[in-house]
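Written below as structure tokens is the structure these notes are about.
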Protein chains: 2
Amino acid sequence: MKSDEIMDIALRRGFIYPSSEIYGGISGFYDYGHLGTLMRRKWEDTWRKHYLSLNPNYFEVDATNIMPKNVFIGSGHLENFTDPLTECEKCHSRFRADHLVEECLERCAEGLSAEEMSGLIKESEIPCPKCGGKLLDVKMFNMMFELSVGSTGDSETAYLRPETAQGAFLNFKRSFNTLRGKLPIGLAIIGRAYRNEISPRQGFYRLREFNQAELQIFFDPDTIDEHPDFEKIKDVSLRMFPLQNRSSGEVDEVKASELHKNYGIPKFYIYHLVKIQEFYLDKMNFPKELFRFRELSEDERAFYNKIHWDVELYTESLGGYKEMGGLHYRTDYDLSGHQKASGEKLEVNIEGKKMVPHVLELSFGVDRNFWTLLDVFYTDEGDRKLISLPKEVAPFRAGVFPLQKKEELENIAKNIYERLSKWFDLFYDDSGSIGRRYRRQDEIGTPFGITVDFQTIEDNTVTIRERDSMEQKRVKVEEIWKNI
Amino acid sequence: MKSDEIMDIALRRGFIYPSSEIYGGISGFYDYGHLGTLMRRKWEDTWRKHYLSLNPNYFEVDATNIMPKNVFIGSGHLENFTDPLTECEKCHSRFRADHLVEECLERCAEGLSAEEMSGLIKESEIPCPKCGGKLLDVKMFNMMFELSVGSTGDSETAYLRPETAQGAFLNFKRSFNTLRGKLPIGLAIIGRAYRNEISPRQGFYRLREFNQAELQIFFDPDTIDEHPDFEKIKDVSLRMFPLQNRSSGEVDEVKASELHKNYGIPKFYIYHLVKIQEFYLDKMNFPKELFRFRELSEDERAFYNKIHWDVELYTESLGGYKEMGGLHYRTDYDLSGHQKASGEKLEVNIEGKKMVPHVLELSFGVDRNFWTLLDVFYTDEGDRKLISLPKEVAPFRAGVFPLQKKEELENIAKNIYERLSKWFDLFYDDSGSIGRRYRRQDEIGTPFGITVDFQTIEDNTVTIRERDSMEQKRVKVEEIWKNI
């Protein structure tokens with residue numbers, strides 16, 4: 001199984017660990033080891049650079065993980081952020097009703113109400129998967145983690161945020177006034193979110209504590225059909241998987257301009273589809289056959305999302321195309337909701353025109369993107385395993401190796417390591433044969449190996465070995481930085 | 001009041017905002033605005049670079065914020081991480097008993113037991129500060145946020161971590177085996193921690209959700225009196241505030257070598273004192289008169305901290321010297337505690353020698369360091385306000401200004417902005433007089449202003465203005481990057 005292979009490397013080499021493992025842990029929680037932390041940070045840096053450079057008025061902000069109850073009344077989470085739950089009458093185990101329906105009846109359960117699921121479970125007599133007992137009526141279970149702030153006497157109910165987005169909505173007005181008072185304005189948050197999943201499955205894909213990278217773009221809805229740079233991107237071919245292709249499974253390649261002309265998708269939305277695809281194909285180097293935008297049906301998408309295409313990557317270890325993120329046209333749902341619930345005016349006044357801005361949300365799950373990078377770029381070549389990670393996200397840019405444990409070689413190697421460490425993350429390794437050291441770095445995705453040998457002492461050159469081709473070339477010590 | 005001045009700029013310009021402000025917020029929670037997010041990230045990057053470069057075996061890891069109950073049985077937090085609480089018999093308001101004792105009786109309350117505080121409150125008849133009613137006996141209140149993971153039937157009690165440190169202890173064994181199997185090994189975590197403070201005061205200094213940067217160094221206790229680089233730092237003068245100086249308030253300048261010889265502080269500990277002072281004085285540019293290491297008495301320090309000096313900075317807006325971090329020799333308290341509670345062997349075997357490593361902890365509060373940077377570097381010169389932040393942590397490295405709103409100037413300015421944005425965070429501003437634009441950047445700490453004027457069109461030079469001296473010089477466009 002590929003998922004086992006990836007998990008084996010991830011654990012053995014230090015990408016991820018089960019959280020609180022020595023205590024048995026809790027399912028749905030993972031830590032990042034030293035390699036994983038480096039790699040995730042690089043992914044986040046690349047994400048930040050890519051998306052925040054789209055407009056000088058896009059910035060990152062950071063909000064608290066804990067927010068008071070009223071926020072989630074305003075956002076609708078308290079009422080709607082629920083999963084259907086069924087309990088066994090006999091053993092009292094609890095299960096996701098939609099998962100049971102999907103597995104036992106082999107049908108899609110998205111969009112079904114609690115009553116409909118109760119009905120299906122009764123009709124088909126789906127038994128408790130643990131003990132075979134009878135399952136009770138389906139109830140909706142809120143997936144937010146609740147906690148109490150303050151001491152018992154004067155405590156206040158609060159929740160861990162189930163998505164980073166709310167922080168951007170809550171800070172919109174302040175940010176708008178503090179910055180230029182112009183639209184569009186973009187507020188990104190990269191950080192934790194928490195969902196009390198009833199039975200988290202699928203290893204690293206559905207976590208209870210996870211990382212998101214989201215960009216909320218607030219814009220004037222009257223301008224949704226324009227973008228100043230649309231001309232520049234109009235000929236880009238996008239990989240679209242619209243609803244009508246569900247049965248064929250085919251992906252259409254559609255030019256940005258056609259998407260506008262033939263399908264009526266607004267230009268402001270299309271521009272961001274293009275930039276998302278660019279991130280995956282050009283920055284992350286994913287083979288384009290593995291990438292697609294998937295249109296969601298009305299049942300599948302949240303009612304406030306007027307346009308919603310998911311970003312999907314084919315991830316073998318997860319069994320097929322998997323959601324990595326989404327582009328959501330949320331209208332004024334969020335700001336109007338918070339305006340109503342808080343009583344605080346969130347409309348803006350641009351040159352005499354008053355409006356509540358609309359929101360285009362770019363939302364990505366960091367952990368699943370991380371996992372899919374490992375999945376897609378991993379190869380077992382028999383005599384070596386390698387992860388051909390793009391160099392921007394590989395934990396280390398290069399390994400630095402003295403060919404032998406001799407002081408004269410080690411001094412040069414350490415010197416190279418120290419000087420270049422200011423610019424790159426490097427790993428110094430002097431143990432084992434040089435072949436083994438190359439293999440160890442291949443397995444964790446390090447693109448280059450820098451070897452100091454006896455020729456180095458003579459002519460101040462080193463060997464640089466490239467991971468994927470295994471080609472080696474000799475380069476002057478002063479020019480290593482240009483070659484890695 | 002200086003604290004009001006700083007808070008005013010911080011709110012008005014976008015450094016920090018009260019969290020969930022439109023809903024009234026909860027005290028002890030702050031968000032970071034677009035400037036604050038840039039600045040905090042830069043502080044964290046500088047921290048990471050400085051401390052992780054101390055040894056090629058020091059790495060960053062990342063652990064979950066939610067951890068199961070057993071972790072905090074093992075760490076001792078469930079039993080000991082408490083604050084003394086007293087309640088008013090009449091109005092049921094709750095207060096920190098130690099704060100009441102300190103304020104009403106003008107004495108230090110650290111180290112007092114619940115019984116002792118109850119006694120003092122009774123004896124002195126300290127009344128309820130709200131209604132004047134009688135205060136009840138002092139009880140210990142656990143400061144961790146509790147939550148429940150899983151659905152009601154099979155839920156598990158968990159807590160938000162009150163410090164990042166536990167994640168490093170829990171992952172020690174995995175990391176040790178995954179890395180080189182050598183000591184010392186350092187595991188840093190930069191991330192959130194949560195404490196349910198009973199009545200958070202002091203604005204941004206004591207938060208309920210806050211950010212820490214901690215480095216746990218695991219080492220062989222037999223080597224505590226050596227460090228391979230001690231020779232290099234032995235002549236550094238350290239600013240020490242030992243217990244015996246409490247009454248005089250004087251800071252001693254003591255050479256690293258003397259600290260070892262005369263005071264018996266082990267070399268491994270001294271080396272890290274030196275590196276911490278270097279971070280504050282050389283990387284953060286704090287005037288040395290504002291910096292000191294403060295020795296804690298046995299009452300003040302945790303019982304497992306065998307050596308404990310706090311890092312303090314004089315912060316006017318907070319009323320004096322304030323704790324920014326600490327260097328804690330925690331012995332084997334953490335690993336032995338987790339070993340006992342989890343039943344998992346955490347000892348290591350180095351060339352036949354078995355041991356539970358000891359821990360030296362470098363612990364810093366990110367938010368308070370952030371606040372103190374604003375405090376110390378803020379000046380009101382009358383006709384301008386400025387924050388002389390070191391350029392490594394200033395939110396923007398430079399402002400880019402076309403002198404007038406003319407297309408020919410704007411095109412050049414935008415071009416400079418776009419090219420240099422790959423390397424630096426910049427702010428493009430074309431509104432208002434050039435003098436006002438300089439002032440706006442001074443106020444948020446931007447070290448340089450780059451102005452495109454009519455001479456630029458002729459000879460391809462721009463003006464670079466330096467924030468603190470306000471000196472201007474003309475520089476070729478291609479050489480801007482060398483001058484900022």
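We name chains A, B, ... by the order of the sequence lines, and we start the count at 1 in each one. We use all heavy atoms of the structure for the numbers below, so side chains are in, but hydrogens, waters and symmetry mates are not.
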Pair count under 4.5 Å, heavy atoms only, with chain A: among B/His338, B/Lys173, B/Lys49, highest is B/His338
Is A/Arg195 positioned over the aromatic face of A/Phe29, cation under 6.0 angstrom from the ring centre and no more than 45 degrees off axis?
no
Okay, B/Arg48 and chain A: the region with an atom under 4.5 Å from a heavy atom over there is side chain
- Message: Quiz question: by atom type and distance under 3.5 Å, do the side chains of B/Asn65 and B/Tyr194 form a donor-acceptor pair?
- Response: yes
inquiry  = Can a side-chain donor-acceptor contact be found between B/Ser175 and B/Asn177 if the only test is distance below 3.5 angstrom?
reply    = no
Query raised in the report: Does a side-chain N-to-carboxylate-O contact under 4.0 Å join A/Lys42 and A/Asp425?
Result: yes
Looking only at B/Arg174, B/Glu146, B/Glu60, the option with the highest number of non-hydrogen pairs under 4.5 Å against chain A is B/Arg174
So, the part of A/Asn70 with a heavy atom under 4.5 Å from chain B: the answer is both
For this session: Establish, yes or no, whether a centroid distance under 6.0 Å links the rings of A/Phe15 and A/His34.
Result: no
Run the side-chain contact (heavy atoms from CB on, under 4.5 Å) check on B/Asp31 and A/Val61 step by step: do they pass?
CA-CA 8 Å; B/Asp31 291 349; A/Val61 296; over 6 Å; no
Cut-off 4.5 Å, heavy atoms of chain B, and the answer for A/Arg161 is neither
Shortest non-hydrogen pair, A/Arg13 vs B/Thr178, comes out as O-CG2, 2.7 Å
In terms of heavy-atom pairs under 4.5 Å with chain A, the winner among B/Leu35, B/Leu346, B/Asp62 is B/Asp62
Applying a strict 4.5 Å limit to non-hydrogen atoms, the region of A/Lys422 in contact with chain B is backbone
Are A/Tyr30 and A/Tyr17, when compared by the centres of their aromatic rings, separated by less than 6.0 Å? no
One option among B/Arg41, B/Glu197, B/Arg12 has the most heavy-atom pairs under 4.5 Å with chain A, and it is B/Arg41
Checked B/Glu21, B/Glu344, B/Glu209, B/Gln166 vs chain A; the most non-hydrogen pairs under 4.5 Å come from B/Glu209
Chain B shares the most heavy-atom pairs under 4.5 Å, among A/Ala188, A/Ser342, A/Ser19, with A/Ser342
Ranking A/Ile66, A/Leu170, A/Leu147 by heavy-atom pairs under 4.5 Å to chain B gives rank one to A/Ile66
Whatever's closer than 4.5 Å to a heavy atom in chain B on A/Tyr428 counts as both
Okay, A/Leu11 and chain B: the region with an atom under 4.5 Å from a heavy atom over there is both
Of A/Arg208, A/Arg40, A/Arg180, A/Gln339, the largest count of non-hydrogen pairs under 4.5 angstrom with chain B goes to A/Arg180
- Message: Please check this pair: side chain of A/Thr86 against backbone of A/Leu136, looking for a donor-acceptor N/O pair closer than 3.5 Å.
- Response: yes
Ranked by heavy-atom pairs below 4.5 Å to chain B, first place among A/Leu426, A/Ile16, A/Asn196, A/Asp429 goes to A/Asn196
Interatomic distance, CG@A/Leu52 vs CG@A/Leu54, rounded to 0.5 Å, equals 8.0 Å
Please check if any side-chain donor atom of B/Tyr32 sits under 3.5 Å from a side-chain acceptor atom of B/Asp367, or the reverse.
-> yes
In terms of heavy-atom pairs under 4.5 Å with chain B, the winner among A/Ser421, A/Ala341, A/Ser431, A/Gly343 is A/Ala341
Please check if the side chain of B/Arg192 supplies one atom and the backbone of B/Leu160 the other of a donor-acceptor pair under 3.5 Å.
no
Of the listed A/Pro68, A/Gly167, A/Ala158, the one with the largest count of heavy-atom pairs under 4.5 Å with chain B is A/Pro68
Interface check, chain A: of B/Ser53, B/Ser27, B/Ser20, most non-hydrogen pairs under 4.5 Å belong to B/Ser20
So, the part of A/Phe169 with a heavy atom under 4.5 Å from chain B: the answer is neither
